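In what follows, a single structure is set out as structure tokens and then discussed.
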Amino acid sequence: MWFNVSLVHTSGKKNKLFFETDEQGIGMKIYQGVAMTLEILVLIVKMYASYFYAIYKFFIPPEPKSVAGEIVLITGAGHGMGREMAQRFAKLGAVVVCVDINAAGNQETAEIIKEEKGKAHTYQCDVTNCEAIKTMADKVKREVGDVTMLVNNAGIMPCKPLLKTTEKEIRASYEVNVLAHLWLLQTFLPSMMQRNHGHVVAMSSMAGVIGLRNLVPYCGTKFAVRGMMEALHEELREDPRDFSGIKLTCICPYIVDTGLCKNPKIKFPSLMKIISPQEAADNIVDAVRRNYNEITIPSSLYYVNQICRTLPRSVPLHLKDYLDSGLEAQ
């Protein structure tokens with residue numbers, strides 16, 4: 001009899017235990033559900049706040065920051081947009097470090113800046129050579145100081161069908177347009193991170209936003225630049241250390257008259273005009289001073305592309321065929 005009572009008593013404890021465990025499980029599920037709901041609500045509020053803030057900034061852009069005293073290193077400074085950017089940064093009080101493999105053109109840029117009472121230094125360097133970059137960087141640090149703004153501008157653009165593009169041309173495109181960016185970032189980014197101060201500007205292209213015939217390798221390099229800049233932004237943003245003082249700007253110009261575009265094809269010149277290096281440089285320097293993440297030149301192309309990307313692929317192709325613009329093979 002005692003055994004039977006004990007069994008019943010023990011069984012009762014087990015039932016009570018099971019009941020309490022089940023009750024705790026339900027409570028935990030309710031708590032988790034409420035917590036997740038609150039997290040989602042906070043996320044929605046943040047997203048809407050950022051969205052409306054972006055609209056506000058569209059109509060009331062941020063004030064341009066001063067670049068006076070900044071040490072601005074520009075690759076490909078010996079001609080075209082590189083030269084124009086160098087002149088503009090110098091006029092704004094920056095110390096410009098002109099880097100180019102073409103020593104004569106690079107020196108000419110520096111002399112133009114000095115004639116306008118600006119500060120410029122010249123360094124000849126093959127930016128595809130990692131060791132040459134390190135040697136140049138050491139000299140810049142000793143003679144000028146730590147680079148606070150890096151403008152990865154140097155680039156080449158073979159313009160021909162893929163099957164007529166040589167291995168040498170393809171390799172050179174990726175070495176100048178992509179790998180050089182990485183070598184320069186690895187060289188100059190650490191000092192920016194130490195001081196939590198700096199700005200990296202990367203020259204992509206509208207050919208890094210949409211694919212164009214006769215530019216298959218080039219498009220690949222410019223898409224790569226945009227990907228690198230986006231990934232670098234996330235790497236800095238998600239680092240537990242504070243790197244909010246380092247800004248990144250990716251530039252996507254349309255056809256700029258720098259001599260690279262030999263045979264442009266423009267159906268509507270008033271709508272899709274060829275941009276002068278001077279106009280491009282004005283837009284780039286303004287974007288840098290306002291800390292924009294990415295711009296197209298002209299700016300309208302950014303919004304046209306964003307809209308087209310939301311449509312089925314065949315739809316924007318009709319618009320592309322109608323505009324009928326691009327580059328003919330060299």
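None of these values were measured; they are calculated from a predicted model.
From L215, atom CG reaches atom CG of L162 across 11.0 Å, with rounding to the nearest 0.5 Å. Rounded to the nearest 0.5 angstrom, L236 CG and D242 CG are separated by 10.5 Å. Residue Y174 holds its OH atom at 10.0 Å from CG of L179, rounded to the nearest 0.5 Å. Note that CG of N177 is 11.0 Å distant from SG of C219, once rounded to the nearest 0.5 Å. Rounding to the nearest 0.5 angstrom, the gap separating the OH atom in Y292 from the OG1 atom in T249 is 10.5 Å.
A donor-acceptor contact under 3.5 angstrom links the side chains of K65 and N291, judged on distance only. For R226 and S204, the side-chain atoms include no donor-acceptor pair closer than 3.5 Å.
Exactly one residue among I101, I133, V140 makes a side-chain contact (heavy atoms from CB on, under 4.5 Å) with C125. That residue is I133. Considering L73, I71, V95 in turn, V95 is the only one that fulfils the side-chain contact (heavy atoms from CB on, under 4.5 Å) rule with H121.
Summarising the local packing, NZ of K141 is surrounded by 12 or fewer heavy atoms from other residues, nucleotides or ligands at distances under 6.0 Å. More than 12 heavy atoms of other residues, nucleotides or ligands sit less than 6.0 Å from atom CD of Q278. Dense packing is recorded around CD of E143, with more than 12 heavy atoms of other residues, nucleotides or ligands lying under 6.0 Å away. The local environment of CD in E238 is crowded, with over 12 non-hydrogen atoms from other residues, nucleotides or ligands closer than 6.0 Å.
Annotation: side chain of H199 is not in contact with side chain of V151 (no heavy-atom distance under 4.5 Å). Here the side chains of L92 and V285 are in contact, with some heavy-atom distance below 4.5 Å. Looking only at side-chain heavy atoms (C-beta outward), S173 and I170 stay at 4.5 Å or farther from each other. Between R213 and P161, the closest side-chain pair of non-hydrogen atoms is not below 4.5 Å. The shortest side-chain heavy-atom distance between M192 and H197 does not fall under the 4.5 Å cut-off. Taking the side chain as every heavy atom from C-beta outward, M81 and N153 approach each other to under 4.5 Å. M229 is listed as a side-chain neighbour of V200, based on a closest heavy-atom distance under 4.5 Å. The closest side-chain heavy-atom distance from Q87 to I113 is below 4.5 Å.
Checking side-chain atoms of N129 against main-chain N and O of A132 turns up a donor-acceptor pair under 3.5 Å.
Comment: E175 does not engage R171 in a salt bridge, judged by the lack of any side-chain N to carboxylate O separation of less than 4.0 angstrom. Ion pairing of E234 with R237 is present here, as a side-chain N (NZ or NE/NH1/NH2) and a carboxylate O approach within less than 4.0 Å. Between R289 and E63, no side-chain nitrogen of the basic residue sits less than 4.0 Å from a carboxylate oxygen of the acidic one, so the salt-bridge criterion is not met.
Among pairs with a residue in residues 30-45, none fulfils side chain to side chain donor-acceptor pair (under 3.5 Å), at least two apart in sequence or across chains.
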Q: Start with the C-alpha distance between E169 and T166, add both sets of side-chain angles, then the distance that settles side-chain hydrogen bond (donor to acceptor under 3.5 Å, both in side chains), and finish with yes or no.
A: CA-CA 5 Å; E169 289 172 327; T166 66; 3.3 Å; yes
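Between F58 and Y303, a ring centre-to-centre spacing shorter than 6.0 Å is recorded.
The side-chain hydrogen bond (donor to acceptor under 3.5 Å, both in side chains) check on T128 picks up D126, with sequence neighbours excluded. In terms of the side chain to side chain contact (heavy atoms under 4.5 Å, CB included) criterion, residue partners of D138 (sequence neighbours excluded) are, by chain and number, R142.
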